Protein chains: 4
Amino acid sequence: MDGTNQQRRRGDTRQRIQDVALELFADQGYEKTSLREIAERLDVTKAALYYHFKTKEEILVSLFEDLTRPIEDLIEWGRQQPHTLATKQEIVRRYSEALAGAAPLFRFMQENQATVRELRIGEVFKERMLRLRDILIDPDAELIDKVRCVSAMFTLHAGMFVLQDVEGDPEDKRKAVLEVATDLVTQAHQGA
Amino acid sequence: MDGTNQQRRRGDTRQRIQDVALELFADQGYEKTSLREIAERLDVTKAALYYHFKTKEEILVSLFEDLTRPIEDLIEWGRQQPHTLATKQEIVRRYSEALAGAAPLFRFMQENQATVRELRIGEVFKERMLRLRDILIDPDAELIDKVRCVSAMFTLHAGMFVLQDVEGDPEDKRKAVLEVATDLVTQAHQGA
Amino acid sequence: MDGTNQQRRRGDTRQRIQDVALELFADQGYEKTSLREIAERLDVTKAALYYHFKTKEEILVSLFEDLTRPIEDLIEWGRQQPHTLATKQEIVRRYSEALAGAAPLFRFMQENQATVRELRIGEVFKERMLRLRDILIDPDAELIDKVRCVSAMFTLHAGMFVLQDVEGDPEDKRKAVLEVATDLVTQAHQGA
Amino acid sequence: MDGTNQQRRRGDTRQRIQDVALELFADQGYEKTSLREIAERLDVTKAALYYHFKTKEEILVSLFEDLTRPIEDLIEWGRQQPHTLATKQEIVRRYSEALAGAAPLFRFMQENQATVRELRIGEVFKERMLRLRDILIDPDAELIDKVRCVSAMFTLHAGMFVLQDVEGDPEDKRKAVLEVATDLVTQAHQGA
DNA sequence: TATGAATGAGTCTTCATTCAT
DNA sequence: GATGAATGAAGACTCATTCAT
């Protein structure tokens, strides 16, 4: 009976560590999640974690890299497009989808900014956000339009989590969030 | 010269603890800030902190209570007004000002959500935000208008910090953020 | 209304400290009772305790001295009597009464022996017990009779506390304990 | 020479912790024995203790469980016997032996009652003593006979430690204590 | 692929005590 | 007859990390 479970666990320990770690990081925060806790949940020893990852931070880095590759790709694609309104709207649309695919990670990033800032992924993430901003808004745009863009990005990032206690279908909510963000970017593009 | 310092330190240690704690909490996060660090900065012993505050969390609670009283008052005021568009705009305007007066604390709340959620102030803050939301938007409004309101609140909370690397006068930035938030609330009020 | 209380508290703080301390020491043990706790119960500051007593241990010493004076006197009296059976029985009877008059302290001594042993009163108490033993039993008596005497003393000391969960009038219990102890001493006196 | 020591230390650290802890607990009391002290004696770090035991209390619990199993068994056996005088005497005899096998622990329990009462083992121990009492004496017996039984138990528990400064062979002393306890139980059984 | 055993640095917190006022 | 403010030492406990096996 346990045989199947044991079998299945062969070879995918690394993946299971990532899964549990992400869940706990997102739930409790990075600092409050200890390697002991992760190990206990998986029924392995702490030392086993160190076979798969060099440090605690490395677990997070691996999650970040694995889960945000689509976003990295999206942004790189965006930089090579003409910065038309259509492109911007397309970017926002695809960004919204990408976020939905890695929701727990982004919830984590959102809720642990102080911690993330000190970590390796903090730098990477920040720089990525700046590249995204530079696609969505011209550096010479009016201040208020910059704010609109930043607001759109924030809405995308945080919208979902904050709406958790609002009733309604998650996909409907995502669409609503997307629409508001698109509006903001559109207004920003057209200037006051 | 030390004489004056010593003199001045008489009786205001509690305040000085709060000041240093807020700075460190906002800078490094709650968990990464140890009481040892706070004490060292003040050149007192850890035990001295415990003379003034019962626990580490109490320091944070005291900061929260001292600094967010105007906001609590504002929200209570708002609940007693008719929920007209004008009221909503007034609330947003005054909220923006109140936030500016406690910027470091709000930066802290924003960047340490995972931590704050487990703390006593997390509950209080969340409940306050819900009250604010209920002033800004009708519970029966369209989903998208709810999102607009939430987006407005987020814009106010996070706008300033995210714009830190954008050049420009802080007060100008605040005005821009306020304008975007006001727009969102206004759109939300008028429905699609 | 508080005036009377305040009035009454004038000048008897020392006594009140002793009362509260004894209660807490007996209830929770010496180490687990902090001066903070005592002070809080009395609604004074810790420093006030130090006005009346030089150290924590001194509070205990004062309790011991105040409450065990009758016992000290009793033992001194006993030493000057002829060591007849009648004397021994009389000693036991009066010891039982003396104990009842300082029950909380003796409960404390009984339940905190490890602690008391390291304290100043430990030595005094032990030496007193040896003097009592030497009254109750001849140094050349059979081993078993010595045990009987020690057992009698223990019965007196611990009997009451252990019988707390037995129903019945406290004074009846004391009488029963006294009778058993007297029996033991009598048997010891008469030898096998 | 250190080689052998090192060798020997492999794998029996848990046991060594228990040994040292029991010695120190019995000697100085529970509260006055710090984990630092235990660790230093063993030449390991405090953290090593926490690898083997979850808390300080757990060390004590493990000692209690390991050392009092025979007593638990004895009492369970006793409950299933008819409560005749012979059974009672047999119980007392075997209890005396069991105590001798765990003398330091019982000395500890005896001398740290206030502390033990607040600990997990306090409950267990108290309940065990009540079961023993219920074997030795009928709940409807005269008060004085109840006292005799309690006195017998106390004599067994405390007798040995108190006789430490009396000269004589330890086994002789144990026998004498046993005899006094047996007498008391016998008298109690036969009623006044 | 893991585990068992351990470490060193650090955490928050509590305590008895002191002393100027 | 007390308080306010502080200290130094110590407490139990947790953590990320290491390494021989």
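To find a chain, count down the sequence lines: A is the first, B the second, and so on, and within it residues start at 1. Since we're looking at a predicted model, the values are computed, not measured.
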More than 12 heavy atoms of other groups within 6.0 Å of Glu123(D) CD: no
Find which nucleotide of DNA chain E each of Lys32(C) and Arg14(D) is nearest to by heavy atoms, and output the residue with the more 5' nucleotide. Arg14(D)
Gln28(B) and Glu37(B) side chains, donor-acceptor separation under 3.5 Å: yes
Map Ala47(D) and Glu57(B) onto DNA chain E by nearest heavy atom, then report which one ends up closer to the 5' terminus. Ala47(D)
If you compare every side-chain N and O of Arg36(D) against the phosphate oxygens of dG11(F) (OP1, OP2), does one of them come in below 4.0 Å? yes
Closest non-hydrogen atom pair, Phe53(A) against Gln18(A): CZ-CG, 3.8 Å
Glu31(A) CD to dA16(F) P, straight-line distance once rounded to whole Å: 9 Å
Using a cut-off of strictly less than 4.0 Å, decide whether Ser34(D) has a side-chain nitrogen or oxygen near OP1 or OP2 of dA10(F). no
Any Tyr51(C) side-chain N or O less than 4.0 Å from OP1/OP2 of dA2(F): no
Expressed as a whole number of angstroms, how long is the span from Lys54(A):NZ to dT18(F):P? 10 Å
By nearest heavy atom, map Lys46(B) and Leu49(C) onto DNA chain F; which one lands nearer the 5' end? Leu49(C)
Is there a side-chain contact between His52(C) and the phosphate of dA2(F), meaning an N or O under 4.0 Å from OP1 or OP2? yes
Nearest whole Å is fine: how far is dG8(F) P from Tyr50(B) OH? 17 Å
In whole Å, I'd like the distance from the CG atom of Leu35(B) to the P atom of dC12(E). 4 Å
Mate of dA5(F) across any strand shown (Watson-Crick or G-U wobble, both atom pairs under 3.5 Å) is dT18(E)
Length of the line joining Phe25(A):CZ and dA16(F):C1', which is rounded to integer Å: 12 Å
Atom-to-atom span, CD of Glu37(B) to P of dG10(E) - whole angstrom: 12 Å
Whole-Å gap separating C1' (dC15(E)) and CD1 (Ile59(C)): 14 Å
Report yes if a side-chain nitrogen or oxygen of Thr55(B) is closer than 4.0 Å to either non-bridging phosphate oxygen (OP1 or OP2) of dC12(E); otherwise report no. no
Parallel under 30°, tilted from 30 to 60°, perpendicular over 60°: which one fits the rings of Phe64(D) and Phe125(D)? perpendicular
Output yes when at least one side-chain N/O atom of Thr13(C) is less than 4.0 Å from OP1 or OP2 of dA2(F), else no. yes
In whole Å, what is the span from the CZ atom of Phe53(A) to the C1' atom of dA2(E)? 15 Å
Can you see which heavy atom on Glu58(D) is nearest to which on Arg120(D), and at what distance? OE2-NH2, 3.7 Å
